[in-house]
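Shown next, in structure tokens, is the structure this report addresses.
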Amino acid sequence: MASFAQFLGRKVTVQYRVGDVLLPASGTFAADSGRSIFLEQHVEQRGKRSYFRWEIPYQYIHRIEEAEETPEPPAAPKVTPSEPEVSHASAASAGPGLYSSSAASLLALPQRPKTV
């Protein structure tokens with residue numbers, strides 16, 4: 001079997017076979033056990049950082065190549081608004097330029113009749 005240790009620590013794209021379908025996977029090449037490779041991908045969701053790690057056995061790997069480094073865009077700094085915020089009710093009455101008519105109709109829901 002081939003060894004893929006030269007990709008260790010690098011961003012890679014792997015095409016692997018699942019049944020009759022080829023699926024892509026991309027992430028950081030985390031480990032090579034001699035039978036399988038392990039990819040890792042970091043994700044930030046709702047302010048919490050977590051990661052996915054998965055194993056792809058050698059016999060399922062169709063192609064592996066080093067991914068091009070694309071610089072991540074810097075996080076947008078939080079800017080305080082210079083203008084006062086417009087309330088939703090006044091924005092809905094301002095016309096269809098800000099909200100669609102369906103959104104305006106959602107804001108003006110009729111009250112349900114009270115049941116005894």
Side-chain angles (χ1 to χ4, degrees):
M1 289 284 171
S3 174
F4 298 105
Q6 73 266 20
F7 294 110
L8 193 60
R10 298 181 183 179
K11 299 239 184 229
V12 295
T13 302
V14 178
Q15 253 191 340
Y16 63 100
R17 189 179 69 247
V18 177
D20 293 336
V21 180
L22 286 177
L23 296 175
S26 61
T28 303
F29 194 101
D32 182 359
S33 70
R35 294 183 183 182
S36 303
I37 64 169
F38 295 86
L39 295 180
E40 190 172 271
Q41 188 176 52
H42 292 273
V43 177
E44 186 170 334
Q45 192 172 21
R46 296 182 187 155
K48 182 182 177 191
R49 190 167 176 100
S50 60
Y51 66 93
F52 294 111
R53 190 175 229 190
W54 61 97
E55 175 182 8
I56 303 172
Y58 278 0
Q59 65 265 27
Y60 297 139
I61 297 173
H62 180 67
R63 178 178 34 178
I64 183 169
E65 56 191 25
E66 189 170 355
E68 296 178 11
E69 288 292 325
T70 55
E72 293 183 19
K78 293 183 180 180
V79 179
T80 57
S82 59
E83 297 179 16
E85 291 190 26
V86 178
S87 70
H88 290 337
S90 63
S93 64
L98 294 174
Y99 291 99
S100 67
S101 60
S102 63
S105 65
L106 285 176
L107 293 175
L109 293 175
Q111 293 210 352
R112 295 177 55 191
K114 295 182 181 178
T115 57
V116 186

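Side chains are part of it too, since the values below use all heavy atoms of this structure and drop only hydrogens, waters and symmetry mates. Keep in mind that what you see is a predicted model, and the values were worked out from it rather than measured.
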Point to revise | Those residues that, when tested against Gln41, pass side chain to side chain donor-acceptor pair (under 3.5 Å) (two or more places apart) | key: none
Check your understanding: Any side-chain donor paired with an acceptor under 3.5 Å for His42 and Glu44?
Key -> no
Exercise for review: Answer with yes or no whether the hydrophobic clustering places Trp54 together with Val14; edges join I, L, V, M, F, W, Y residues whose side-chain heavy atoms lie under 4.5 Å apart.
Suggested key: yes
Check your understanding: Can you name the side chain to side chain donor-acceptor pair (under 3.5 Å) partners of Arg17, sequence neighbours left out?
Key -> none
Study note, to complete from the structure: For Ile56 and Ala25 the tightest heavy-atom approach is CD1-CB, 4.5 Å
Review point. Quick one: CZ on Phe38 to CD on Glu55, what's the gap to the nearest 0.5 Å?
Key: 4.0 Å
Practice item. Please identify each residue that fulfils side chain to side chain donor-acceptor pair (under 3.5 Å) with Arg63, with sequence neighbours left out. Key: Gln15
Practice item. Begin from the C-alpha positions of Ile37 and Tyr60 and carry the test side chain to side chain contact (heavy atoms under 4.5 Å, CB included) through to its verdict. Key: CA-CA 10 Å; Ile37 64 169; Tyr60 297 139; over 6 Å; no
Practice item. Could you pull out the closest heavy-atom pair between Ser36 and Pro57, with the gap in Å? Key: OG-CA, 3.6 Å
**Study point:** Value rounded to 0.5 Å, distance of CD1 in Ile61 from CG in Leu22
**Key:** 12.5 Å
Revision key, fill the gap. Output for pair (Ile64 CD1, Arg10 CZ), nearest 0.5 Å, gives 11.0 Å
Review point. Looking only at heavy atoms, what is the nearest atom pair of Ala67 and Thr13, with distance?
Key: CB-OG1, 3.7 Å
Check your understanding: When you look at Phe4 and Val12, which way does the side chain to side chain contact (heavy atoms under 4.5 Å, CB included) test go after all the steps?
Key -> CA-CA 11 Å; Phe4 298 105; Val12 295; over 6 Å; no
**Study point:** Rounded distance [0.5 Å steps], CD in Glu68 versus NZ in Lys11
**Key:** 13.5 Å
